[in-house]
Amino acid sequence: MFGMLSAAWRYRFFIFSSIKTELQTKFIRSKLGGLWMILHPLSQVLIFAFVLSAVLSAKLPGIDNQYAYAIYLMSGTLGWSLFAEIVNRCLTLFIDNGNLLKKLVFPKIALPLIVTGSALVNNTLLFVAILAIFGALGHMPGVEVFWLPVLMVVNIALALGLGLALGVLNVFMRDIGQVVPVIMQFLFWFTPIVYMANIIPEEYRSWLEFNPLIPIITGYQNILLYNHAPDWAGLGVIALIAMILLAFALLLFRKASPEMVDQL
Amino acid sequence: MSGELHVQNLGKSYRQWGSEWRRMASWFLPFIAPREEHWVLKNVSFSIGPGEAIGVVGQNGAGKSTLLKLITGTTSPTQGQVQLRGRVAAILELGMGFSPDLTGRQNAYHSAGLMGYSQSEIERAMPEIEAFAEVGEYFDQPVRTYSSGMQMRVAFSVATAFKPDLLIVDEALSVGDSYFQHKSFDRMRQFREEGVSIMLVTHSMGDIRTLCDRAILLDKGRVLKDGQPDEVVDYYNALIAEKENANLNVEQRREKNGWLLTKSGTGEARVKKLQLLDAVSGDELAVAQVGQAVELRLEASIHADIPQLVLGYMVRDKQGHVIWGTNTWHTRQVQRDVKSGEILVFRLPFFCTLGPGSYSVSAALTSSDTHLVGNYEWVDNLLVFDVINVNQDFFIGSNWLDAYFSISTVSPR
């Protein structure tokens with residue numbers, strides 16, 4: 001474990017330059033460049049806001065802003081897009097970089113770190129854009145916004161643990177690469193991002209506790225919409241789960257590493 | 001510090017697990033064994049000392065690339081070990097990790113970073129990388145506008161910008177034009193003089209001869225031969241013939257004069273005698289003079305009825321470069337329906353227009369124009385002779401052109 005970290009540290013220039021390269025290549029040949037990273041989630045927000053605001057905006061008690069539902073949507077989307085980007089990219093990470101892994105010697109752990117770094121940059125850009133929209137809609141988040149980094153760390157840990165484990169397994173069983181996007185879709189709709197948890201009938205609501213993403217997404221919504229601190233108890237449990245998952249993923253990664261290249 | 005490499009009993013097998021669940025279980029439970037193992041490399045042992053350059057030859061599928069991957073560490077060995085001292089630079093595939101939309105310079109930064117260098121180290125080396133690549137203003141253009149040769153220039157330049165202790169090159173140099181090939185060979189030679197060990201995988205026997213002190217022949221995942229370049233290269237050529245002629249045997253011995261005799265063939269026809277004679281007096285020669293009329297005389301004994309017999313000659317210099325060669329196929333003198341028990345005499349008179357030096361003659365008795373089909377007998381360096389310059393004006397090189405200057409004065413206008 002320590003060896004992995006020190007190898008990653010030695011390759012820090014490569015990791016940073018790869019993140020930079022990734023952003024650069026996005027800008028070089030498209031007119032709007034990296035803006036697309038923001039436009040995709042925002043267009044989704046726009047669609048949901050248009051289609052569902054009439055049905056759902058009444059369900060947000062205690063907020064008098066007429067755009068409350070849009071703000072709710074954006075808060076959840078910010079958390080979800082970070083999670084989804086890391087999981088989706090880690091899933092095919094080793095397969096996509098198969099050629100590189102076969103021909104060059106470098107710490108493999110650099111790859112998920114590059115993904116995390118570039119996802120973080122994208123998410124920060126999205127966050128800035130969302131803040132600007134909030135301002136335009138007349139909604140200012142309170143000082144609780146400074147809890148957001150903590151939330152992001154837990155979110156990243158969970159996404160990385162899950163993504164890395166799936167990415168390793170995907171090298172050996174390619175079905176995983178097919179089934180995970182489907183599961184991600186279910187996960188998106190089983191998480192209160194587009195709707196509110198209180199519209200779910202009482203008798204099913206206890207099921208939501210099995211979704212590890214809910215405390216995180218709810219945390220985003222608490223901070224950005226309600227100006228509350230996140231629910232620390234729920235988040236603590238998820239943080240613990242994320243740590244265990246991450247440790248397992250790294251162990252799996254280490255065990256599979258020698259055989260991985262032969263399967264690419 | 002200079003590089004050193006010790007490979008001990010190295011082996012690599014690709015495993016069939018039957019099911020992926022079994023494979024995954026084996027990561028955590030060591031007693032679970034694979035269903036099937038397929039060895040691509042087995043019991044390979046050799047060493048490379050500081051400043052030594054070795055060439056690795058072998059047919060496709062002999063395990064060369066796997067060996068390199070094991071040494072560089074992109075894949076891990078199933079058995080045995082690789083001991084390395086010093087820093088390794090490997091050029092397994094040029095332009096790996098180049099992003100087409102970035103400029104040459106940006107890619108150079110990126111791939112040097114991939115080799116593990118820090119920003120300041122790369123910045124220091126960048127002017128040298130740019131100068132060596134010699135792609136001019138293209139260095140700041142996107143790589144997608146490059147020709148493959150230009151990509152190769154930048155890639156080689158980056159890969160060798162930092163002096164390694166062991167340099168591993170896998171057939172990467174064939175892309176460049178001959179100017180850059182020379183340049184990269186010069187750099188490798190310079191590295192070698194500075195104590196860098198070099199491992200070169202190539203199909204070009206000429207490269208092996210010019211650059212390497214030693215060569216290793218891999219076949220079916222094993223080291224078949226480890227020795228001096230000419231020995232291994234000739235053995236390799238004989239081996240290619242063996243693929244087509246199952247009951248062929250290869251025999252090699254080093255003669256007293258330092259030339260290596262390699263003999264292979266199925267034996268339906270054999271070389272009984274090969275002599276270099278003075279064309280006028282008929283005396284046997286060990287030393288020929290520049291401009292002398294000489295004759296190669298070969299006696300072949302036939303041991304089976306052969307539908308078609310071709311004799312080929314190859315004259316090589318001390319470095320193994322082919323000076324001249326042809327066969328009776330090309331001269332339209334194929335012998336047909338040769339009967340067992342016959343003895344054929346082939347005489348080849350010619351003027352010795354070779355330059356001073358030592359030369360060898362290889363002879364081959366085959367059924368067609370290549371030695372791959374029906375190789376009856378092939379003998380490398382069967383006859384060795386020296387050429388001296390006695391009565392011609394001094395010249396250098398391996399060819400006597402018998403040329404004279406014509407000189408006139410042109411008065412300035």
Side-chain angles (χ1 to χ4, degrees), chain A residues 6-30 33 94 96-108 110-111 114 165 168-176 248-264, chain B residues 12-15 17 19-28 30 34 40 65-66 68-78 88-103 106-107 109-123 142 144 159 168 170 172:
Chain A
S6 79
W9 178 247
R10 267 192 296 115
Y11 271 70
R12 62 192 181 279
F13 171 69
F14 169 68
I15 294 172
F16 284 117
S17 100
S18 298
I19 295 171
K20 209 176 87 189
T21 305
E22 220 168 81
L23 290 173
Q24 266 175 342
T25 41
K26 267 180 208 139
F27 274 97
I28 285 175
R29 296 195 82 176
S30 69
F94 300 109
D96 292 344
N97 289 290
N99 241 337
L100 211 57
L101 289 168
K102 273 195 272 190
K103 298 284 179 178
L104 291 173
V105 191
F106 65 99
K108 292 190 193 69
L111 292 176
I114 292 167
V168 169
L169 296 178
N170 192 21
V171 173
F172 302 97
M173 291 189 279
R174 302 291 163 105
D175 307 58
I176 289 175
F248 167 74
L250 287 174
L251 181 70
L252 189 73
F253 171 72
R254 252 219 350 236
K255 292 282 183 187
S257 260
E259 282 184 57
M260 199 138 69
V261 174
D262 300 338
Q263 294 296 316
L264 289 168
Chain B
K12 173 81 185 172
S13 75
Y14 288 98
R15 295 169 168 176
W17 290 92
S19 101
E20 293 300 325
W21 298 112
R22 270 176 75 91
R23 176 206 299 281
M24 284 174 205
S26 80
W27 296 340
F28 301 99
V40 291
S65 297
T66 309
L68 291 198
K69 279 190 209 162
L70 289 173
I71 291 172
T72 54
T74 51
T75 174
S76 40
T78 315
V88 185
I91 311 177
L92 296 191
E93 194 169 306
L94 284 174
M96 247 351 274
F98 271 23
S99 159
D101 284 330
L102 295 184
T103 68
Q106 286 165 330
N107 270 308
Y109 266 103
H110 190 71
S111 54
L114 197 52
M115 288 157 68
Y117 291 100
S118 72
Q119 182 158 16
S120 58
E121 284 171 304
I122 300 172
E123 267 162 13
R144 90 189 110 85
I168 296 178
D170 186 6

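Because the structure is predicted, anything quoted here is derived from the model rather than measured.
- Of all heavy-atom pairs between B/I168 and B/T72, the closest is CD1-CG2, 3.8 Å.
- Smallest separation of non-hydrogen atoms from B/G113 and A/F14: O-CB, 3.2 Å.
- Per-residue heavy-atom pair counts under 4.5 Å with chain B were compared for A/L251, A/N97, A/I15, A/L252, and the maximum is reached by A/L252.
- Heavy atoms of B/S118 lying under 4.5 Å from chain A belong exclusively to its backbone.
- Between B/S65 and B/D170 the shortest heavy-atom distance is OG-OD2, 3.7 Å.
- Contact of B/Y14 with chain A is made through the side chain alone, with heavy-atom distances under 4.5 Å.
- Among all heavy-atom pairs drawn from B/T78 and B/S13, the shortest one is OG1-N, 2.8 Å.
- Contacts of B/L68 with chain A are absent, with no heavy-atom separation under 4.5 Å from either backbone or side chain.
- With a 4.5 Å cut-off on non-hydrogen atoms, A/Y11 touches chain B through its side chain but not through its backbone.
- Proximity to chain B (any heavy atom under 4.5 Å) is shown, for A/A256, by both the backbone and the side chain.
- Between chain B and the options A/S17, A/P107, A/A7, the largest number of non-hydrogen pairs under 4.5 Å is found for A/S17.
- Counting heavy atoms from C-beta on, the side chains of A/D262 and B/K12 come closer than 4.5 Å.
- Considering only heavy-atom pairs separated by less than 4.5 Å from chain B, the leading option among A/M173, A/K108, A/M260 is A/M173.
- With sequence neighbours left out, B/K69 forms a side-chain hydrogen bond (donor to acceptor under 3.5 Å, both in side chains) with no residue at all.
- Of the atoms belonging to B/Q119, heavy atoms from both backbone and side chain fall under 4.5 Å from chain A.
- Taking each heavy atom of A/I114 and A/E22 in turn, the nearest pair found is CG2-OE2, 3.9 Å.
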